[in-house]
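Written out below as structure tokens is the structure these notes cover.
Labels below follow one simple rule: chain letters A, B, ... track the order of the sequence lines, proteins then strands, and each chain is numbered from 1.
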There are 2 protein chains.
Amino acid sequence: MKKNTRNYKVGQTRLENQKKILEAAEVEFANHGFKGASMSNIADMAELPRANVHYYFKNKQELYLTVLMDIVTLWNDAFNQIKPEDDPKDAIQAYIRAKVMYSKKNPLASKIFANEIIHGAVHFRQYLGTEYREWIRGKHDVIQSWVDQGKMDSIDPFHLIFLIWSSTQYYAEHAIEVSTTLGKKNLTAKDFEAVVDSLSHIIIKGCGIK
Amino acid sequence: MKKNTRNYKVGQTRLENQKKILEAAEVEFANHGFKGASMSNIADMAELPRANVHYYFKNKQELYLTVLMDIVTLWNDAFNQIKPEDDPKDAIQAYIRAKVMYSKKNPLASKIFANEIIHGAVHFRQYLGTEYREWIRGKHDVIQSWVDQGKMDSIDPFHLIFLIWSSTQYYAEHAIEVSTTLGKKNLTAKDFEAVVDSLSHIIIKGCGIK
DNA sequence: GTCTATAGTTAGATAGAC
DNA sequence: GTCTATCTAACTATAGAC
């Protein structure tokens, strides 16, 4: 019994420390990229000695990959509900909304992902060639089926997906530019609703969806 | 005369070396961001001793700011020709084309800019608050005048600008994702034409522009 | 104007005491 | 399982010979 109690406690500490480290790492990697991030800064933010970070994560790359994979998991959970039998208008509007709200809620994740892609996806090539490829092909086929059914204009589904992705993503990555432009310190929930409305209007009408 | 000749030669070397350093710096900063970039790597790529880089540019930050400012100058030259009396359809189509072709031609500049914004624009705050603010307000007013003249749907000009900017920019920043998805090593001129066509179709029709 | 040599700092990682 | 102390390597930057 003594042993069990001890193991439980130890497991708890491990989970808590790992969580603290991962949260700190998310901030540091979002702010400085992989190469620019410092394990010292991460340890300081997590309020742990440097050596402990290396105890839980073998090295910088392993920590970074863990952060990246957590983001992908979150992503897969959030954006996997578009089917051919859906009404295009509702489906695209729902998708735009989900994506904008994700940008609002998880700006750090969006930034880390963008950073990884901009810098050539060196730690992420495998994902791009497998999971991501499958994901985007699935979406492509759904949109193509809508085109074939005459439910929308004949538009290359890939470019439509890129358009939705980039325009929604923008409000996470370029938050600073957007808020400076709109003359605000931070965007409000109302601002994000306006984003959803503008984007939905242009994209749905622009694709000839009734 | 001897002195003149010497000064000329000296000035030439300076210009040539600065150019080599700036080109190398563009690659390094695009690939690793400000913090991740290494002055050693830049010197190696420029085929100059490390100390020479420090001779021409006081420190890393000054070199980075020079690269950034060159990009902004190029930008201002390329995208400043939209006027209220223009036909919205032609103007927007021309702008989308110019922006996509800029992404094709200057992917490094696009990446460095995006990287700077993602990481909070710490070296770039001043530009965002002044030049950029003026630039985007000018564009805002032109688009608003089109709305007021009934030439297009009532859409918040800022969100339209962000949409055009993000969707065109995407093909520079996410080149790796795009080419992986389309199953190509590099995008061809034809691919970029298809991008212009898809984006123009959706955005112009989506804004209710005839 | 150029470049070698090196100072001075900070990074990632680990050994070993507790 | 934790953390101090320390190692090695890489970095930015500069002094000083040429």
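Contact annotation: B:Tyr56 reaches the phosphate of C:dT2 (side-chain N/O to OP1 or OP2, under 4.0 Å).
Rounded to whole Å, the distance from CD on B:Glu16 to P on C:dG1 is 13 Å. Distance, B:Ile21 CD1 to C:dT2 C1': 12 Å, rounded to whole Å. Taking atom CZ on A:Phe34 and atom P on C:dA11, their separation rounds to 15 Å, with Å as the unit. Spacing between atom CG of B:Asn17 and atom C1' of C:dG1 amounts to 10 Å, rounded to whole angstrom units.
Ring centers of A:Tyr170 and B:His159: at least 6.0 Å apart, outside the cut-off. When ring centroids are compared, A:Phe34 and A:His119 stay outside the 6.0 Å threshold.
The two residues A:Ser167 and B:Leu163 make their nearest non-hydrogen contact at CB-CD1, 3.4 Å.
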Quiz prompt | A:Phe113/B:His174 under ring-ring contact (aromatic ring centres under 6.0 Å, His included): CA gap, chis, key distance, verdict | solution = CA-CA 11 Å; A:Phe113 182 79; B:His174 294 242; 7.0 Å; no

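Ring-plane geometry between A:Trp165 and A:Trp75 is classed as parallel, the angle between the planes falling under 30 degrees on a 0 to 90 degree scale with a further cut at 60.
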Quiz item: Which letters describe nucleotides 4-18 of chain D, given B = protein heavy atom under 4.0 Å from base, S = only from sugar-phosphate, - = neither?
Solution: B------SSBB----

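Between A:Met152 and A:Ile204, the closest side-chain pair of non-hydrogen atoms is not below 4.5 Å.
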